[in-house]
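From a predicted model like this one, the values you see are computed outputs, not experimental measurements. Proteins come first, then strands; the chains are lettered A, B, ... in the order of their sequence lines, and each starts at number 1.
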Number of protein chains: 4
Amino acid sequence: MARTTTKPKPTWRRRADARPDEILTAALDEFIAKGFDSARIEDIATNAGLSKGAVYLYFDSKEALLRALVEREIAPLVGRVTAAAEAEAQDPKAALTLFLGGVAALISNPRIFAVPRLVISIAARFPELRDHYRRAVAEPGRAAIERLIRRGIELGQFRQVDPVAATRAIIGPLLFEALWTHVLAGESALGDPAKFVRAQIDVLVNGIGASNDR
Amino acid sequence: MARTTTKPKPTWRRRADARPDEILTAALDEFIAKGFDSARIEDIATNAGLSKGAVYLYFDSKEALLRALVEREIAPLVGRVTAAAEAEAQDPKAALTLFLGGVAALISNPRIFAVPRLVISIAARFPELRDHYRRAVAEPGRAAIERLIRRGIELGQFRQVDPVAATRAIIGPLLFEALWTHVLAGESALGDPAKFVRAQIDVLVNGIGASNDR
Amino acid sequence: MARTTTKPKPTWRRRADARPDEILTAALDEFIAKGFDSARIEDIATNAGLSKGAVYLYFDSKEALLRALVEREIAPLVGRVTAAAEAEAQDPKAALTLFLGGVAALISNPRIFAVPRLVISIAARFPELRDHYRRAVAEPGRAAIERLIRRGIELGQFRQVDPVAATRAIIGPLLFEALWTHVLAGESALGDPAKFVRAQIDVLVNGIGASNDR
Amino acid sequence: MARTTTKPKPTWRRRADARPDEILTAALDEFIAKGFDSARIEDIATNAGLSKGAVYLYFDSKEALLRALVEREIAPLVGRVTAAAEAEAQDPKAALTLFLGGVAALISNPRIFAVPRLVISIAARFPELRDHYRRAVAEPGRAAIERLIRRGIELGQFRQVDPVAATRAIIGPLLFEALWTHVLAGESALGDPAKFVRAQIDVLVNGIGASNDR
DNA sequence: AATGAATGAGGCTTCATTCAT
DNA sequence: TATGAATGAAGCCTCATTCAT
């Protein structure tokens, strides 16, 4: 894909290699504003500064635009965030904080959460895209957290909890927050991400039960 | 669910009052199978046993069908589940178990989770419907849980946690499970709902931290 | 054209059953005027007195229109003409005259020859349609002539000629005339069909060789 | 066919003058494979070894390509074949055999018959091209045959037949054979051209009638 | 209460052609 | 001479919605 063939000359060439990204940016804008179905290729093209037909020089179809969006906008993030969490291998609790903070930051960005949101919207109609998203984004993310939990248990930082349930308890609240804010247009609690992370970590690590309940 | 089919009465009656429910059932089927946009009114009508035009005798538009679906299929559930949880007012922990179990049961039913899923899909395009869903379903549900948490704190069953974070910690995992299963077509962990609830409650109440971390 | 299926009531019903034929007529008009590719569904619809979309209530696609045209306009003619020729079973020479006259009459009608012409035009792109035409129209026609020749030989009316070559000698001139006139817009020799048939039969039956050549 | 590729000269030459022929060859290939409308200029260019835009350095439009094809591929053949027939001026019957054989050979070549076939396909849309073909190819060919017939009559080799009908009787079978084979994808009788010519000449010269019918 | 024929806006996609480099 | 990015007209087809019967 990386059309960085700008070996020849600086700006001489009709900056064709910048096009795909410009189009994707415009596509994301439209998808966010209108949803996948109501977004019009022509509007995307106009916002990207070209004509309808030009979009098809870079992407085969509307669906291909969405696929590319997943590929180039989200997939890289998975690696970045899980790598960060994994780096703190000897201190799972710290890694957890790192992870929650990282994802919270991403999720609070409407342009980023928009892609998962789109995937949810069209999952039924584009099973292939849905499966790709699950394999390339969701499953690796989930697995990274689960590993983190298991390591924490081994190291004695965490109790002998069910790793699957614990993983859900970590990711779920982030999902809830994102859907509440970006989908339902509800008031976000993410105004102060640091506070969000602290409060969620407290609940997560210490539980909500009164101490004598233990 | 509650199909008020007028079976009791003789067959000569036109069962006119059963029509709307039959149409909604058919609509939900189509929406589940194809998504809101790809579902065709004509198919819905056929599956409901009437003609395209007749649908418009009962519902003003495609959007109205979805609105009615929220209204008649989901909204009642909110009351039912929160009421159940509220009944156990003196034992918030038990209420929590009740709530999680109830919602887990609902959510494992694809026909029921389909509606929230649809709302997610079209939220951007139908802000009014989205707002209605938030006000009639999401917000009441969330508020009920938050109340439950606050009461638990007052009663000394729960720690002095952030009620908002705790609420997210309760609902989030359910959301995660539902999306994972019904949207991403991933493997569900809900095979045994009782086990799911137990594990999740354990994590939630006791936290994942090792006891000496407290 | 005149679908007289008006059994139910006079003009009461939105004459839906007359539609297909009206559309086909309009389609043929457009196809003749513009060719298959340049003909626009919308123009066909307008000429048939309905809207673009209505055409699709009766025909699945543009190709389907052409298919139906072959089916309803041409296929029946094959039977009619070959049957006429076959009726004169005891006098192959008379049958030949009958056949040539019948086909000459059909071919001189631009609306009728238009369909074979269309088939020629799109044969490469719609092999299925082409094959259907060959099997349903061309081959039966050719076979009928060949039978006629063989019978003539048996009856002693015709020489021991190659039936295949003779068949080509009968159909070829008709084809030539039709293409010349309707495709190349050349001057027709068909001004007087009777004369055309007489002259062609003379050449065909007696050959062009001087008698002493025999 | 006759690709005048400038192989002899060193490779450093741009062989600019060979380009048009290369393009036409590629164009014919595509036209044969896809038909005029479905053939894409870009594919033609690629097959000719240059870029889309370069085609327009040599030809003004897609239609011009077809025009040039008629001009350079077919028109010359007319002269060649009719000249051959004319050379045998003193023996019209021999000339006829020569002509039929020559045309049969040409026609059995799909790359050659493809052009008339294309003309048939687009005649309605490009009247100018159609007229040019008629004047430059069809009419001269037809006239040559008619002259041949008249001369044969004068020389006493042929009967006093209608020259127009006789001409149709000569060309028609060739047309039939070509259409049957190349357009309808039917089984060809041209496996053995010599036999084809012989049989057709027999029918043509001697007629199909039994001798006592004369 | 019901039908289903009809409408017509709307969108995706294709591709001949142009033109800056 | 040559490129290939870009244009934009054009057409097929879908489908929610209407309405005469």
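- In this structure, OH of Y56(C) is placed 4 Å from P of dC13(F), rounded to the nearest angstrom.
- Residue F59(C) contributes atom CZ, which lies 15 Å from atom P of dT14(F) at whole-angstrom precision.
- Between R19(B) atom CZ and dA1(E) atom C1' the separation is 9 Å, expressed in whole Å.
- Counting heavy atoms from C-beta outward, I32(B) and R111(B) have side chains that approach closer than 4.5 Å.
- Side-chain contact check for L50(B) versus I23(B): some heavy-atom pair is nearer than 4.5 Å.
- For the pair S61(B) and E63(C), nearest-nucleotide mapping onto DNA chain F gives the more 5' position to E63(C).
- One finds no side-chain N or O of Y58(A) lying less than 4.0 angstrom from the OP1 or OP2 phosphate oxygen of dA5(F).
- Distance CG (D60(C)) to C1' (dT14(F)): 13 Å, rounded to an integer number of Å.
- Rounded to an integer number of Å, the gap from CD of E22(A) to C1' of dA5(F) is 13 Å.
- Between R67(A) and E63(A), at least one side-chain nitrogen of the basic residue sits less than 4.0 Å from a carboxylate oxygen of the acidic one, meeting the salt-bridge criterion.
- The base-pairing partner of dA20(F), taking Watson-Crick or G-U wobble contacts with both distances under 3.5 Å, is dT3(E).
- Of the residues near DNA chain E, L57(B) and K62(A), the one whose nearest nucleotide (by heavy atom distance) lies more toward the 5' end is L57(B).
- Within a 6.0 Å radius of CG in D60(A), no more than 12 heavy atoms belonging to other residues, nucleotides or ligands are found.
- Atom CD1 of I120(B) and atom CZ of F113(B) lie 5.5 Å apart (nearest 0.5 Å).
- Note on ring orientation: taking the six-membered ring where Trp is involved, the planes of F126(D) and F36(D) are perpendicular (angle over 60°, cut-offs 30° and 60°).
- Taking every heavy atom of residues 27-52 of chain D and every atom of DNA chain F, pairs under 4.0 Å involve L50(D), S51(D), K52(D), by number.
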